[in-house]
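First up is the structure itself, then whatever we jot down about it.
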Amino acid sequence: MDEVSAEIAAVKSALEQATEKLTVLQDGLFAIANDTQSSETPSNFIGLTNAELIQRAEELLRWSRFKANTLGLNSGLFADSCWNMCLDVYICDLKEEKITVSSIAHSSGIPMTTAMRYINVMAEDGLLEKSPNPMDNRMVFIATTASGKDKISAILSELG
């Protein structure tokens, strides 16, 4: 019984930490959204390496998936699909890897049509950009725009 209590306490602690990180992330998103006039990034953004940014993005993605799986595996209520897609694309960009719409949909756990709709909206808003695969016109590569990459980097830099 003590073992179960210890596991429950560990899960509660992990959820509290995830909630704190998500709150910081959400506050950062609101700050960026409210400051669309300024193209400057926070001063501590400059000191982070790509490896540190990748590590932070991957950690957020793990926490987001853990939260969604723990709180409602099949309901989708606790999934952050758009944010997870942005992080996936961002990580691939920093690693200089190409990612397709179908890969994003699969890793986000959402239907292809929903992923495409979200990607189109984020592309219209200037966060992501689409480009055809020169080897296969049926495939589309997704990347973060320079502005999108700066905004995500700014958010990740604030999580330190």
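- Atom CG of Leu127 is separated from atom CE of Met122 by 7.5 Å, given to the nearest 0.5 angstrom.
- Between Cys86 and Ile152, some side-chain heavy-atom pair lies under the 4.5 Å cut-off.
- Met85 is not listed as a side-chain neighbour of Ile142, based on a closest heavy-atom distance of 4.5 Å or more.
- Remark: Glu97 CD is packed, more than 12 non-hydrogen atoms of other residues, nucleotides or ligands lying under 6.0 Å away.
- Under the 4.5 Å side-chain heavy-atom criterion for ILVMFWY residues, no single connected hydrophobic cluster contains both Met116 and Val121.
- Leu60 and Leu53 fall within the same hydrophobic cluster, where Ile, Leu, Val, Met, Phe, Trp and Tyr residues are linked whenever their side-chain heavy atoms come under 4.5 Å apart, directly or through other members.
- A donor-acceptor pair under 3.5 Å is absent between the side-chain atoms of Ser64 and the main chain of Leu61, judged by distance alone.
- Considering Ile91, Val89, Asp93 in turn, Val89 is the only one that fulfils the side chain to side chain contact (heavy atoms under 4.5 Å, CB included) rule with Ile99.
- Residues Lys130 and Asn120 form a side-chain contact, since some pair of their non-hydrogen atoms from C-beta on lies under 4.5 Å apart.
- For Ser107 (side chain) and Ile104 (main-chain N/O), a donor-acceptor pair under 3.5 Å exists by modelled atom type.
- The NZ atom of Lys151 sits 14.5 Å away from atom CG of Leu156, with the distance rounded to the nearest 0.5 Å.
- The heavy-atom pair separating Gly126 from Ser147 by the smallest distance is O-CB, 4.4 Å.
- In this structure, the side chains of Lys149 and Leu94 come closer than 4.5 Å at one or more pairs of heavy atoms.
- You'll find the side chain of Arg56 reaches within 4.5 Å of the side chain of Leu48, heavy atoms only.
- Using a 4.5 Å heavy-atom threshold, the side chains of Trp83 and Ile155 count as touching.
- Taking every heavy atom of both residues into account, Pro132 and Phe141 meet most closely at O-CD1, 4.2 Å.
- Separating the CZ atom in Arg138 from the OG atom in Ser102 is a distance of 11.0 Å, to the nearest 0.5 Å.
- Put simply, CD on Glu52 and OG on Ser153 are 11.5 Å apart, with the number rounded to the nearest 0.5 Å.
- Both Tyr118 and Val101 are part of a single hydrophobic cluster, where members link through side-chain heavy atoms under 4.5 Å apart.
- Proximity of Thr100 to Asn133: side-chain heavy atoms (C-beta onward) are nowhere separated by under 4.5 Å.
- To the nearest 0.5 Å, the span separating NZ on Lys98 from CE on Met139 amounts to 11.0 Å.
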